[in-house]
Protein chains: 2
Amino acid sequence: MFSKACEYGIRSVLFIAEQSQLDKRPNIVEIAKAVDSPEPFTAKICQQLARSGIILSRKGPNGGFYLEKDSKLTLAEIVACIDGDSIFKGCSLGLPQCSAAHPCPVHDQFNDVREGLKKMCENTTVTQLSEKLRKGETFLKI
Amino acid sequence: MFSKACEYGIRSVLFIAEQSQLDKRPNIVEIAKAVDSPEPFTAKICQQLARSGIILSRKGPNGGFYLEKDSKLTLAEIVACIDGDSIFKGCSLGLPQCSAAHPCPVHDQFNDVREGLKKMCENTTVTQLSEKLRKGETFLKI
DNA sequence: TTTATTTCTGATAATTTTATCAGAAATAAG
DNA sequence: CTTATTTCTGATAAAATTATCAGAAATAAA
């Protein structure tokens, strides 16, 4: 459903969010270890997210990645930053011109699924998810 | 959401279904033209589908691809044949062990979406979709 | 001001997916 | 039986994604 980059990206942001709540600023080594992802690739992804302002970063000693204190970040924003919004918008059969007026054969069927996915991603906040993580109710690796 | 191969595969099968209803047996050249896909790549995909018994094929003059007369083929079977069932089953964050007992942070949220997608694909038949296509209510290219 | 630490940047490599090609195997039709 | 047509098979090429690496830029701390 998502690219590997996006999977690593979401996992990384959730870990960063959890650590931010504890006033920590994990670096790439810690992040990659925590979410069990390849370190240099994860670095690329975090840099992309930081460049887009999705997460914040600080260079130098004791630096790392972190989130704004009252971040309202949603899953949808992370996905759109890494994979683009074709998963929310694009035609399931890859037709360049697919719309209600000129629908592909599965347009109606997939519209519901897609709309459900979109709404869910827009309504799910990172804070909300990292809270469960902190409580040990959910897991980021293995 | 789906791979290019799967998109081409679904489009091809829908065209084959439509033509089968008219007692025709389109060959690869006709299929690729009708669904606007690269011919050799489409051939590979149709061969894979034929090998799996999803569609039928006949070699030689006047040969091509076709469907059983009373085929109950669903979208789910095509997708599973080409992309596998990870879209229906796998963890959205790519964790190898993700379950209700050991859930990833988005397990519950995505379970609903995934379940909706699965049900829809299992309940949508190719015949049903090709019927609309035949009536000109839906389109396979551009 | 120097040093250690860390993100950031650009180049490169490996793998997977997408796409192409040539020729063998099968088969219907003449 | 021969020929033309078509699927089928295996090899190969191109592009995209995934992954790695080396060094520059920034910055906190000594």
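So you know, we letter chains A, B, ... as the sequences are listed, proteins then strands, and number each from 1. All heavy atoms count here, side chains included; hydrogens, waters and symmetry mates do not.
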Q. Quick one: do A:L73 and A:I82 end up in the same hydrophobic cluster if we chain Ile, Leu, Val, Met, Phe, Trp and Tyr together by side-chain heavy atoms under 4.5 Å apart?
A. yes
With the side chain defined as heavy atoms from C-beta on, A:F41 is closest, among D:dT18, C:dA26, C:dC8, to D:dT18
Between B:R58 and A:E39, whichever has its closest DNA chain D nucleotide further toward 5' is B:R58
Between CG of A:D36 and P of D:dA19 the distance, given in whole Å, is 11 Å
#### Entry: Phosphate OP1/OP2 of D:dT9 contacted by B:R51 side-chain N/O (<4.0 Å)
yes
Rounded to whole Å, the CD-P distance (A:Q48 to C:dT7) equals 17 Å
Taken to the nearest whole Å, CD1/B:I28 to P/C:dC21 is 15 Å
To the nearest angstrom, the CZ-P distance between A:R25 and D:dA26 comes to 18 Å
Electrostatic pair A:R134-A:E131, nearest N-O below 4.0 angstrom:
yes
message = Using a 4.0 Å heavy-atom cut-off, does A:P40 contact any base of the nucleic acid, only the sugar-phosphate backbone, or nothing at all?
response = base
Of D:dT27, D:dT20, C:dA26, the nucleotide closest to the side chain of A:K59 is D:dT27
So that I know where these two stand, are B:F110 and A:F2 an aromatic pair - ring centroids less than 6.0 Å apart?
yes
C:dG23 -> Watson-Crick or G-U wobble partner, both distances under 3.5 Å, gives D:dC8
Of the candidates D:dT27, D:dT7, D:dT18, the side chain of A:P61 sits closest to D:dT27
*asked:* So that I can tick it off, tell me whether B:K4 and B:E7 are bridged by a salt bridge, with the cut-off set at under 4.0 angstrom between side-chain N and carboxylate O.
replied: yes
Testing C:dT7, C:dT9, D:dT9 for proximity to the side chain of A:K44, the answer is C:dT9
Looking at C:dA28, I'd like to know if its phosphate oxygens (OP1 or OP2) sit under 4.0 Å from a side-chain N or O belonging to B:N62. no
With a 4.0 Å limit, can you tell me whether B:Y8 has a side-chain N or O closer than that to the phosphate oxygens OP1/OP2 of C:dA19? yes
Per atom distances to the A:K4 side chain, the nearest of C:dA19, C:dT7, D:dA19 is D:dA19
By the Watson-Crick or G-U definition, both distances under 3.5 Å, D:dA30 is matched with C:dT1
To the nearest angstrom, the CD-C1' distance between A:Q47 and D:dG23 comes to 13 Å
Worksheet item: Is the backbone N or O of B:I87 less than 3.5 Å from a side-chain atom of B:R114, with the two atoms forming a donor-acceptor pair by type?
Response: yes
From CD1 of B:I45 across to P of D:dT7 the rounded distance in Å is 14 Å
To the nearest angstrom, the CD1-P distance between B:I31 and D:dT5 comes to 18 Å
From CD of B:E30 across to C1' of D:dT5 the rounded distance in Å is 12 Å
Check your understanding: Does C:dC8 have OP1 or OP2 sitting under 4.0 Å from an N or O in the side chain of A:S57?
Key -> yes
